[in-house]
Amino acid sequence: MTMKLLVATRNRHKLEEIRAIFTAPGLLLEGVDGIEGLPEVEEDGLTFEDNAKKKAVTLARAAKRWALADDSGLEVDALGGEPGVYSARYAGEPVDYEANNKKLLKNMAGLLNRKARFRCVIALSDADGRAEVVEGVCEGKITESSRGDNGFGYDPVFIPDGYSMTFAEMPAEMKNGISHRALALHAAWKKWGELLARYHC
Ligand code: ITT
């Protein structure tokens, strides 16, 4: 039997990381670009949870199928949790990862407390908009300068605890073994199994 899951993201890097982990025989992951007429979802929530739920529920209802959405970002202790839910557009529109990293390193110049974490909230919604969320967190620290070309976003400036490489210096499989998204996806996988059993579909 084939089971379809709509992945409610326009971020191709996220989609690749989700595909690497959310895999099973008979499971078909569909990106939003494959389906005509889906609405754009404005991310105006104050929390990752609000935004993840809004994305999953809106697109699941519109496409009339299960949807998974990821809302994620970087929280820096010395900046009071910034950029947080504003991570994607920290340096303004349009989204520019290099400009975001430059702004972050500038705002952290001279700061000794470099503690930070990536947080990923994943929402799963059925076609009727019944949604549940799970979360994954990866603790680490902010570098003094950008390092590495892999991954996306703040990967070049983030070193996970227990490592000396940034996420952007790691091969994809290594990041996918320890990242906030990997932890959230494993929790989401378990949660989805429970939801499918609960709703008998
Ligand atoms: P969708 O809303 O379409 O999923 P998006 O990129 O706008 O895509 P978010 O609103 O969740 O997604 O913003 C996430 C931002 O947080 C992303 O643009 C990065 O700047 C940062 N981020 C999240 N996960 C990351 C990761 O694994 N590595 C580096 N940066 C990450």
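Every number for a ligand or one of its atoms is a count from 1 in the order of the listing. Model, not experiment: these values are computed from the prediction.
Transitive grouping of hydrophobic side chains (ILVMFWY, heavy atoms separated by less than 4.5 Å) brings L196 and V7 into a common cluster.
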One line per pair, note the atom names and distance for all nitrogen or oxygen contacts under 3.5 Å between ligand 1 and the protein.
{"from": "ligand 1", "atom 1": "2 (O)", "to": "E43", "atom 2": "OE2", "distance (Å)": "2.6"}
{"from": "ligand 1", "atom 1": "2 (O)", "to": "K55", "atom 2": "NZ", "distance (Å)": "2.7"}
{"from": "ligand 1", "atom 1": "3 (O)", "to": "T9", "atom 2": "OG1", "distance (Å)": "3.3"}
{"from": "ligand 1", "atom 1": "3 (O)", "to": "R10", "atom 2": "N", "distance (Å)": "2.8"}
{"from": "ligand 1", "atom 1": "4 (O)", "to": "T9", "atom 2": "OG1", "distance (Å)": "2.6"}
{"from": "ligand 1", "atom 1": "4 (O)", "to": "K14", "atom 2": "NZ", "distance (Å)": "2.8"}
{"from": "ligand 1", "atom 1": "6 (O)", "to": "N11", "atom 2": "ND2", "distance (Å)": "2.9"}
{"from": "ligand 1", "atom 1": "10 (O)", "to": "E43", "atom 2": "OE1", "distance (Å)": "2.7"}
{"from": "ligand 1", "atom 1": "10 (O)", "to": "D71", "atom 2": "OD1", "distance (Å)": "3.4"}
{"from": "ligand 1", "atom 1": "11 (O)", "to": "K14", "atom 2": "NZ", "distance (Å)": "2.8"}
{"from": "ligand 1", "atom 1": "11 (O)", "to": "D71", "atom 2": "OD1", "distance (Å)": "3.1"}
{"from": "ligand 1", "atom 1": "11 (O)", "to": "S72", "atom 2": "N", "distance (Å)": "3.1"}
{"from": "ligand 1", "atom 1": "12 (O)", "to": "K14", "atom 2": "NZ", "distance (Å)": "2.8"}
{"from": "ligand 1", "atom 1": "16 (O)", "to": "S72", "atom 2": "O", "distance (Å)": "3.3"}
{"from": "ligand 1", "atom 1": "24 (N)", "to": "H180", "atom 2": "NE2", "distance (Å)": "3.3"}
{"from": "ligand 1", "atom 1": "24 (N)", "to": "R181", "atom 2": "NH2", "distance (Å)": "2.9"}
{"from": "ligand 1", "atom 1": "27 (O)", "to": "K175", "atom 2": "NZ", "distance (Å)": "2.7"}
{"from": "ligand 1", "atom 1": "27 (O)", "to": "H180", "atom 2": "NE2", "distance (Å)": "3.1"}
{"from": "ligand 1", "atom 1": "27 (O)", "to": "R181", "atom 2": "NH1", "distance (Å)": "3.0"}
{"from": "ligand 1", "atom 1": "28 (N)", "to": "D155", "atom 2": "OD1", "distance (Å)": "2.6"}
{"from": "ligand 1", "atom 1": "28 (N)", "to": "K175", "atom 2": "NZ", "distance (Å)": "3.3"}
{"from": "ligand 1", "atom 1": "30 (N)", "to": "Y154", "atom 2": "N", "distance (Å)": "3.1"}

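Side-chain contact between R147 and P156 is absent, with no heavy atoms from C-beta onward closer than 4.5 Å.
Taking the six-membered ring where tryptophan is involved, the planes of W66 and Y199 are essentially parallel, since the angle between them stays under 30° and well short of 60°.
Checked against ring pair (Phe, Tyr, Trp, His ring centres under 6.0 Å), H13 has the following partners two or more places apart in sequence or in another chain: F152.
For K53 and E132, the salt-bridge test fails: no basic side-chain N is under 4.0 Å from an acidic carboxylate O. Here R198 does not pair with E194 in a salt bridge; the nearest charged N to carboxylate O distance is not below 4.0 Å.
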